[in-house]
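Take a look at the structure below.
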Amino acid sequence: MMYKDLYRMASEMVPRAYAPFSKFKVGAALLSADGQVFTGCNVENSSFGATICAERTAFVKAISEGTMEFEAIAIVSSEGEAWPCGICRQFMKEFCDGDFKIITGDDEDSLKVYTMDEILPEGFRL
Ligand code: THU
């Protein structure tokens with residue numbers, strides 16, 4: 001699976017986002033170690049704190065289906081490049097090694113790729 005393909009799958013999820021409050025739509029595509037892709041979008045709520053980000057939607061879908069090992073996640077927003085929020089960085093840290101890849105960018109020809117360790121150095125895990 002090429003990063004561009006994963007990015008494209010994430011961008012296809014952007015229209016599915018439920019974001020009537022922020023209008024900021026996000027799509028994610030999570031690649032597992034065995035080659036499956038789990039997609040996600042952000043799902044907002046009238047009680048704003050109940051909102052779930054696209055990244056966590058994808059992780060929860062994967063884990064609830066029995067997949068626990070991951071290689072990379074691509075993230076795209078309605079405004080192009082999108083970086084995981086602090087809660088999502090911590091959430092991902094629970095399930096990912098330091099070399100797990102986070103892929104984003106304004107389009108598939110200008111992808112930025114960072115590792116888990118780069119976006120959450122010295123991250124917390126019990
Ligand atoms: N959002 C995500 O889905 N992923 C991120 O990493 C950043 C934020 C969503 C949450 C909320 O629905 C909207 O973007 C604005 O914060």
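Scope of the values below: all heavy atoms of this structure, side chains included, with no hydrogens, waters or symmetry mates. For ligands, and for the atoms within them, numbers begin at 1 and follow the listed sequence.
- When the side chain to side chain donor-acceptor pair (under 3.5 Å) test is applied to Ser78, no partner is found at least two apart in sequence or on another chain.
- For the pair Met92/Pro84, a side-chain contact is recorded, criterion being any heavy-atom separation below 4.5 Å from C-beta on.
- Here Phe124 sits in one hydrophobic cluster together with Leu126; the rule is ILVMFWY side chains under 4.5 Å apart, joined directly or through other members.
- For Phe38 and Phe59, the gap between ring centers reaches or exceeds 6.0 Å.
- For the residue pair Ser32 / Glu69, no side-chain donor-acceptor distance below 3.5 Å is found, with atom types taken as modelled.
- Among protein residues, Ser22, Phe24, Val26, Asn42, Glu44, Thr51, Cys53, Ala54, Glu55, Trp83, Pro84, Cys85 come within 4.0 Å of ligand 1, judged on heavy atoms.
- Annotation: side-chain hydrogen bond (donor to acceptor under 3.5 Å, both in side chains) contacts involving residues 94-105, sequence neighbours excluded, are absent.
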